[in-house]
Each structure stands twice: as structure tokens, then as C-alpha cells.
Amino acid sequence: MTNNFERCPTCWTPLTTETVDGLWRPFCPTCKSIVSMGPKLVAAAFVGDANGLLLVRRSYGVEKGLWAPPGGYVEQGEVVEEAARREAYEETGIEVTIKNLVGLYSTSGRPIVLAAFSAEVIGGELHDRSPEVQEVGFFPVSNLPPLAFAKDRSIIETWVQQQGTPLQR
């Protein structure tokens with residue numbers, strides 16, 4: 001586990017690995033600091049209109065070729081809702097306003113926490129020019145393409161339930 005952190009960020013001593021609270025963690029034998037291996041925060045925008053849900057076909061990673069709502073990592077110091085808005089624009093060309101939080105999602109053993117937001121189109125022009133995506137499109141929620149992540153379908157179901165207006169099914 002120390003391959004991500006070789007030296008203490010406080011005193012620069014080489015780290016060891018200790019069991020702390022039942023988990024192996026990078027530990028500094030000099031200043032007794034525990035280096036936190038916190039999760040990465042991802043923000044996604046669930047954008048729908050009369051044609052269905054906006055999805056992007058991923059162009060990288062083990063999920064390459066599969067579909068997901070536009071989203072990505074929240075940068076340090078960035079507001080989470082702004083990250084969802086930024087990612088939607090970067091990946092699809094669509095400008096959105098964030099309406100509400102659909103939910104927070106995590107999976108045991110995975111270093112990701114997903115903040116899923118409902119969003120509404122306010123401008124922009126749909127495109128697939130981002131190097132992160134192969135295609136973009138709107139899909140009826142009853143006829144979705146192969147999804148990239150195991151929880152996507154249940155998150156989409158929650159999103160649909162939260163919508164005040166019926167979406168094409």
C-alpha cells in the first residue's frame with residue numbers, strides 16, 4: 001500500500017505500513033501520522049428530456065465502449081455541483097444547470113464515491129468531440145445501451161422516480 005506514498009507528507013520520513021483500526025495504512029514511524037487513502041469523488045449529471053437520458057460512450061478504461069451519464073473526477077477545491085456541470089459540458093457540449101442530488105453511491109472495496117445529480121439543459125450544442133467519449137446520445141430509459149457500471153441501472157431508476165415529469169419509457 002505504500003507504493004502510492006513512499007514518504008510522510010508531514011516530516012518526509014519513509015513510510016511503513018501498519019494496521020490501524022483493522023486496516024493496513026501508510027504510517028510514519030517518526031511523527032506517528034497516518035496517511036489517509038481517502039476515496040476519489042466523482043460527479044455525474046443525469047440529464048433528461050422528452051427523448052430520454054443523455055449518455056456518453058466511454059473511450060477509455062475497462063469500461064471502454066460502454067455507456068454512462070456524463071461525469072468525472074471532482075478537482076481539489078471544486079464545488080461538486082460545478083464538477084457535474086463542467087463534466088457534462090466537456091463530454092457532450094451541453095450546458096446544464098444542476099437541479100438536485102439524486103444520491104451518493106459507493107461500493108465496498110472500490111475507491112470511488114459517486115455524487116449523482118439531476119440536471120436540466122440550458123444551452124450548448126450536443127457533440128462527441130471530447131477525447132473521453134466515442135459517442136453521445138439520448139436514450140429512452142426502457143431501451144438503454146450496455147451500461148458501464150454495475151450501479152448505473154439502479155441510479156437511473158432512482159433518477160426516473162425523482163422526476164416530476166414523465167420521461168419516454
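These numbers come from the heavy atoms of this one structure, side chains and all, not from hydrogens, waters or symmetry mates.
Taking CD1 from Ile155 and CZ from Phe149, the interatomic distance works out to 10.0 Å, rounded to the nearest 0.5 Å. Here the straight-line distance linking atom CD of Gln162 with atom CG of Asn100 works out to 5.5 Å at 0.5 Å rounding. The CG atom of Asn143 sits 12.5 Å away from atom CG of Leu53, with the distance rounded to the nearest 0.5 Å. If you take CZ on Arg7 and OG1 on Thr13, they are separated by 8.0 Å, rounding to the nearest 0.5 Å.
Between Ser106 and Pro39 there is no side-chain heavy-atom pair separated by less than 4.5 Å. Gln163 has its side chain within reach of Lys99: a pair of non-hydrogen atoms, C-beta onward, lies under 4.5 Å apart.
When every heavy atom of Trp67 is checked against every heavy atom of Asp152, the shortest pair comes out as O-OD2, 3.9 Å. In terms of heavy-atom proximity, Ala84 sits nearest to Ala45 at O-CB, 4.0 Å. Contact detail for Ser118 and Trp159: the closest heavy-atom pair is OG-NE1, 3.5 Å. Here the closest heavy-atom approach between residue Ala148 and residue Ala68 is recorded as CB-CB, 4.2 Å. The two residues Arg25 and Ile34 have their closest heavy-atom pair at CD-CG2, 3.7 Å. Nearest heavy atom pair, residue Phe117 against residue Val80, reads CE1-CG1, 3.5 Å.
Residues Tyr105 and Leu55 fall within the same hydrophobic cluster, defined by Ile, Leu, Val, Met, Phe, Trp and Tyr side chains chained together at heavy-atom separations under 4.5 Å. Both Leu101 and Val113 sit in one connected hydrophobic cluster of ILVMFWY residues. Membership requires side-chain heavy atoms under 4.5 Å apart, directly or through other members. Connection of Ile112 to Leu147 is established within a shared hydrophobic cluster, with ILVMFWY side chains joined at heavy-atom distances below 4.5 Å, either directly or through further cluster members. Leu66 and Phe139 are members of different hydrophobic clusters when ILVMFWY side chains are connected at heavy-atom separations under 4.5 Å.
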Can you list, pair by pair, the side-chain donor-acceptor contacts under 3.5 Å of residues 124-134, counting residues two or more places apart and other chains?
residue: His127; atom: ND1; partner: Arg129; partner atom: N; Å: 3.0
residue: Ser130; atom: OG; partner: Glu132; partner atom: N; Å: 3.1
residue: Gln134; atom: OE1; partner: Arg57; partner atom: NE; Å: 3.3

Distance-only criterion, 3.5 Å: show the donor-acceptor pairs between side-chain atoms of residues 85-94 and protein atoms not counting sequence neighbours.
residue: Arg85; atom: NE; partner: Glu82; partner atom: OE1; Å: 3.1
residue: Arg85; atom: NE; partner: Glu82; partner atom: OE2; Å: 3.2
residue: Arg85; atom: NH2; partner: Glu82; partner atom: OE2; Å: 2.6
residue: Arg86; atom: NE; partner: Glu78; partner atom: OE2; Å: 2.7
residue: Arg86; atom: NH1; partner: Glu90; partner atom: OE1; Å: 3.3
residue: Arg86; atom: NH1; partner: Glu90; partner atom: OE2; Å: 3.3
residue: Arg86; atom: NH2; partner: Tyr73; partner atom: O; Å: 3.1
residue: Arg86; atom: NH2; partner: Glu78; partner atom: OE1; Å: 3.0
residue: Glu91; atom: OE1; partner: Gly71; partner atom: N; Å: 3.2
residue: Thr92; atom: OG1; partner: Ala88; partner atom: O; Å: 2.5
residue: Thr92; atom: OG1; partner: Ile94; partner atom: N; Å: 3.1

